[in-house]
Visitor: 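One structure, pasted below without further comment.
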Amino acid sequence: MAKPPVLTPQSEDFPRWYQDVIAKAELADNGPVRGTMVIRPYGYGLWERMQAEVDRRIKAAGADNAYFPLFIPMEYFQREAEHVEGFSPELAVVTVGGGKELEEPVAIRPTSETVINSYFSKWIQSYRDLPLCVNNWSNVVRWELRPRLFLRTTEFLWQEGHTCHATYEDARDYARRILFDVYADVMVNVLAVPVLLGPKTASERFAGAINTLACEAMMRDGKALQMGTSHELGQNFAKAFDVTFLDAAGDQVHAWQTSWGVSTRMVGGMIMTHGDDRGLRVPPVLAPIQAVVLAVRDEPEVLERTAALAAELADQGIRVELDHRVDLSFGRRATDWEIKGVPVRVEVGPRDLAEGNATLVERWDGAKSPVHLDGVATAVLAALDSGQANLVREATEFRDAHTVEVATVDEAIEAGATGFARVPWSAVGTDGEARLGEHAITVRCLQRPDGGFPESADEPDLVAVVGRSY
RNA sequence: CGGGAAGUGGCGCAGUUUGGCAGCGCGCAGCGUUCGGGACGCUGAGGCCGCGGGUUCAAAUCCCGCCUUCCCGACCA
């Protein structure tokens, strides 16, 4: 009776499970060039939903979309010392164009601070031009040594926001606003992925930033994934690219800036936060397909009722799909939707109809329940709500159950191997970071002892959250 | 980029040691029977054995180079 598992069980081999589920749920394929990724329609559907939710919030935060070019003059990279140093190793450079060796090689953007700032310097003249907040949806290239689908690909899709402000405080507040109102909000309320928020240590900072704020999540194998970052750039790039403005007092001063991004990595984070041995579990708010109405049998009444139900659900604003593939066995189709993680399945067969019911199956826990045909829409909506809440709760409980409080670096090394360890930052420091590093453990972010967000990384009594990471 | 493993119909693999007709399971197509948790029967299609070079009468098999994937490390959304 027991069928061989469709996917490698997580407990047996988590990385293998991850690859299996990406293949079987038809999310993505490897591209022909190392590190590249072909995103298949269902995988892209997940990304499009993430994009829509992020985009809406970015606009609400006052940033407008724009587009900057893929190609960047090499010389731009040289201008900010830390930036060059940080990105040089992963830069892809075009040296031939139109069949000729180029006089000046052209870099393919790994991020766009440099080009964008060269235009900011043209556009900004007065404090009245500030704040200037733009966002770019794009692809970027970072020559990765160890690619993994969605988590770390040489080319990936993301948004990068870039802003200029008149004061340090404005820039700092904006970087936080993006972290909280855009990123954390999407992670928790859309992706159902609980995130820890806090500044990075100096060694984990973005190349060229004065402060990097991060959203860190825990995957089901206990490893950390950085889901998004928001940087305070200070005046580093403004100085390198001459982004200045005349302030109200008549002085020419450099702008204070931020940059921030989330990428297709979020898809990987969602997969590894919620997926189980039966497949994906896509949070209802995110799901491109929230409910599937499945005709159990090829009978006229069944087909009619399922079609009517699907239409009714669509009328309620539910993203619904009708499964009339009666040439495939019921079990096969049920399994397919399960692997794809569709939150709710509405099954209708002759037995249901005899009772005047449909069968509602919830993906998050597999629970099946009969629902009167008149109450399906209401029941689906309720299931979508509770499914979302349950996924967040489950993921939060998992993370907390794999997080321990420790006092020393040695204890952190031990605990960090299987989850998160919270250790006083004062007990770690730069030397401690190096020792953790020897065990492939890093400080994911700094927090207040109560988990609160610190005013600054220099605040006393901070706690370092450490763990292994992707 | 270092260490390890591996590339054979779409997917998973055997065959490589000892060179001699390219196979199996799943999937796919057609027909029929099925259909409430990956259905079954019959028939059939599908291969430059990762790519390039070499050795040989003969290469999936031996030799050299490259590419790609996976695992473990150093760097990163």
Visitor: Measure from the side-chain N and O atoms of A:Tyr76 to the backbone N and O of A:Phe241, and report whether any donor-acceptor pair falls under 3.5 Å.
Guide: no
Visitor: Write down the distance separating the P atoms in B:G46 and B:C40, rounded off to the nearest Å.
Guide: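 It comes out at 25 Å once rounded to the nearest Å.
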Visitor: Report yes or no: is there a donor-acceptor pair, N or O only, under 3.5 Å between the side chain of A:Arg142 and the base of B:C76?
Guide: no
Visitor: Are A:Arg176 and A:Asp181 ion-paired here, with the side-chain N under 4.0 Å from a carboxylate O?
Guide: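 Salt bridge absent between A:Arg176 and A:Asp181.
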Visitor: Decide, yes or no, whether a salt bridge links A:Asp20 with A:Arg16 under the criterion of side-chain N to carboxylate O below 4.0 Å.
Guide: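 A:Arg16 and A:Asp20: salt-bridged.
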Visitor: Between B:A74 atom C1' and A:Arg152 atom CZ, what is the distance in whole Å?
Guide: 12 Å
Visitor: Salt-bridge test for A:Arg345 and A:Glu321: reply yes if a basic N is under 4.0 Å from a carboxylate O, no otherwise.
Guide: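 Judged by the 4.0 Å cut-off on N to carboxylate O distance, A:Arg345 and A:Glu321 do not form a salt bridge.
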Visitor: Should A:Arg148 be listed as having a side-chain N or O under 4.0 Å from OP1 or OP2 of B:C72?
Guide: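 So the side-chain polar atoms of A:Arg148 do come within 4.0 Å of the phosphate oxygens OP1 or OP2 of B:C72, strictly under.
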Visitor: Taking CG from A:Asp29 and C1' from B:G10, how many angstroms apart are they, rounded to a whole number?
Guide: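 These atoms are roughly 10 Å apart.
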Visitor: Expressed as a whole number of Å, how far does the C1' atom of B:C76 sit from that of B:U8?
Guide: 36 Å
Visitor: Give A:Ser88 one of three labels, base, sugar-phosphate or nothing, depending on what nucleic acid heavy atoms sit under 4.0 Å from its own.
Guide: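 No contact.
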Visitor: Between the base of B:G37 and the side chain of A:Lys368, is there a donor and acceptor pair under 3.5 angstrom?
Guide: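 Checked by distance alone, the answer is yes.
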Visitor: Just call it for A:Gly261: base, sugar-phosphate, or nothing, with non-hydrogen atoms closer than 4.0 Å on any strand.
Guide: nothing
Visitor: I want to confirm an ordering. Mapping A:Ile339 and A:Ala440 to their closest nucleotides on RNA chain B, which one lands closer to the 5' end?
Guide: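 Looking at the nearest nucleotide for each, A:Ile339 comes out on the 5' side.
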Visitor: In whole Å, measure the gap between the P atoms of B:C11 and B:C64 for me.
Guide: 28 Å
Visitor: Go through B:G36, B:C76, B:A77 for me and flag the one nearest to the A:Phe330 side chain.
Guide: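 The listed nucleotide nearest to A:Phe330's side chain is B:G36.
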Visitor: Need one value for A:Gly35: base, sugar-phosphate or nothing, where a base atom within 4.0 Å counts as base even if backbone is also close, heavy atoms only.
Guide: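 Sugar-phosphate only.
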Visitor: What is the base-pairing partner of B:G19, counting Watson-Crick and G-U wobble geometry with both distances under 3.5 Å?
Guide: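 Looking at the geometry, B:G19 pairs with no nucleotide.
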Visitor: Could you tell me which nucleotide pairs with B:C70 by Watson-Crick or G-U wobble geometry, both distances under 3.5 Å, or answer none if nothing does?
Guide: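 Check on B:C70: paired to B:G4, both distances under 3.5 Å.
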Visitor: Salt-bridged, A:Glu216 to A:Lys200, with N to O below 4.0 Å?
Guide: yes
Visitor: Got a list of protein N/O to nucleotides 1-7 of chain B N/O distances below 3.5 Å?
Guide:
residue : atom : partner  : partner atom : Å
B:C1    : N4   : A:Leu145 : O            : 3.2

Visitor: Quick one: CD1 on A:Ile178 to NE2 on A:His231, what's the gap to the nearest 0.5 Å?
Guide: 12.0 Å
Visitor: Using atom P in both nucleotides, what's the gap between B:G44 and B:G65 to the nearest angstrom?
Guide: 46 Å
Visitor: Distance check, P atoms only: B:G52 and B:U68, in whole angstrom units.
Guide: 16 Å
Visitor: Using purine N1 to pyrimidine N3 plus N6-O4 or O6-N4 for Watson-Crick, or N1-O2 and O6-N3 for G-U wobble, both under 3.5 Å, which nucleotide pairs with B:G65?
Guide: B:C51
Visitor: Charged N to carboxylate O below 4.0 Å: is that the case for A:Arg34 and A:Glu144?
Guide: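 No, this pair does not count.
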Visitor: Rounding to the closest angstrom, what is the interatomic distance between B:A59 and B:A22 at atom C1'?
Guide: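 Roughly 13 Å separates the two C1' atoms.
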Visitor: With heavy atoms under 4.0 Å as the rule, sort A:Gly437 into base, sugar-phosphate or nothing.
Guide: sugar-phosphate
Visitor: Select base, sugar-phosphate, or nothing to describe what A:Asp336 touches, counting heavy atoms under 4.0 Å on all strands.
Guide: base
Visitor: Looking for any heavy atom pair under 4.0 Å, which part of the strands does A:Val326 touch: base, sugar-phosphate only, or nothing?
Guide: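 Base: the residue A:Val326, judged by heavy atoms under 4.0 Å, touches a nucleobase.
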Visitor: Run the numbers on A:Phe420 and A:His402 for ring pair (Phe, Tyr, Trp, His ring centres under 6.0 Å), then give the verdict.
Guide: CA-CA 6 Å; A:Phe420 289 169; A:His402 291 81; 9.6 Å; no
Visitor: Report the C-alpha distance between A:Phe150 and A:Phe156 in whole Å, list the side-chain angles of each, state the deciding distance to 0.1 Å, and finish with yes or no for ring pair (Phe, Tyr, Trp, His ring centres under 6.0 Å).
Guide: CA-CA 8 Å; A:Phe150 291 113; A:Phe156 59 88; over 10 Å; no
Visitor: Reckon A:Ser329 has a side-chain N or O less than 4.0 Å from the OP1 or OP2 of B:A39?
Guide: yes
Visitor: Name the nucleic acid region contacted by A:Asp13, choosing base, sugar-phosphate or nothing; use a 4.0 angstrom heavy-atom cut-off, strictly under.
Guide: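 Answer is nothing: A:Asp13 stays at 4.0 Å or more from every strand.
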Visitor: Answer yes when A:Asp336 and A:Arg332 have at least one side-chain N-carboxylate O distance shorter than 4.0 Å, and no when they do not.
Guide: yes
Visitor: Between A:Phe150 and A:Pro350, which has a closest nucleotide on RNA chain B that is more 5'?
Guide: A:Pro350
Visitor: Taking the P atom of each, how far is B:G54 from B:U61, in whole Å?
Guide: 14 Å
Visitor: Mind checking A:Arg325 for me? I need base, sugar-phosphate or nothing, with any heavy atom below 4.0 Å counting as a touch.
Guide: nothing
Visitor: I'd like to check, for A:Trp158, whether its ring lies over the base of B:A77 with centroids under 5.5 Å apart and a plane angle smaller than 30°.
Guide: no
Visitor: Over all strands shown, is A:Thr264 touching base, sugar-phosphate only, or nothing at heavy-atom distances under 4.0 angstrom?
Guide: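 No contact.
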Visitor: Is the A:His83-A:Phe237 ring centre distance short of 6.0 angstrom?
Guide: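 For A:His83 and A:Phe237, the ring centres are under 6.0 Å apart.
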Visitor: Need the pair for B:C11. Rule: Watson-Crick or G-U wobble, both distances under 3.5 Å, any strand; none if unpaired.
Guide: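 When the pairing criteria are applied, B:G25 turns out to be the nucleotide that pairs with B:C11.
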Visitor: Any salt bridge between A:Glu232 and A:Arg172, counting N to O under 4.0 Å?
Guide: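 A salt bridge is absent here (no side-chain N lies under 4.0 Å from a carboxylate O).
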Visitor: Tell me what A:Pro15 touches on the nucleic acid: a base, only sugar-phosphate, or nothing, going by heavy atoms under 4.0 Å.
Guide: sugar-phosphate
Visitor: Tell me the partner of B:C42, counting only Watson-Crick (N1-N3 plus N6-O4 or O6-N4) or G-U wobble (N1-O2 and O6-N3) with both under 3.5 Å; none if nothing fits.
Guide: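 In the structure as shown, B:C42 has B:G30 as its Watson-Crick or wobble partner.
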Visitor: Let's see if you can work this out: which of B:G37, B:C75, B:G73 has an atom nearest to the side-chain heavy atoms of A:Glu144?
Guide: B:C75
Visitor: Side-chain N or O of A:Gln19 versus OP1/OP2 of B:C71: is the shortest distance under 4.0 Å?
Guide: yes
Visitor: What is the separation between atom CG on A:Asp327 and atom P on B:C40, rounded to the nearest whole Å?
Guide: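 To the nearest whole Å, that distance equals 16 Å.
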Visitor: Give the nucleotide from the list B:G37, B:G36, B:A74 with an atom nearest to the side chain of A:Arg351.
Guide: B:G36
Visitor: Write out a two-atom table: protein N or O, nucleotide N or O from nucleotides 49-52 of chain B, distance below 3.5 Å.
Guide:
none

Visitor: Decide yes or no on side chain to side chain donor-acceptor pair (under 3.5 Å) for A:Arg79 and A:Asn117, but give the supporting numbers first.
Guide: CA-CA 11 Å; A:Arg79 296 205 201 166; A:Asn117 271 287; over 6 Å; no
Visitor: Would you measure the distance from the P atom in B:A60 across to the matching atom in B:U33 and give it in whole Å?
Guide: 45 Å
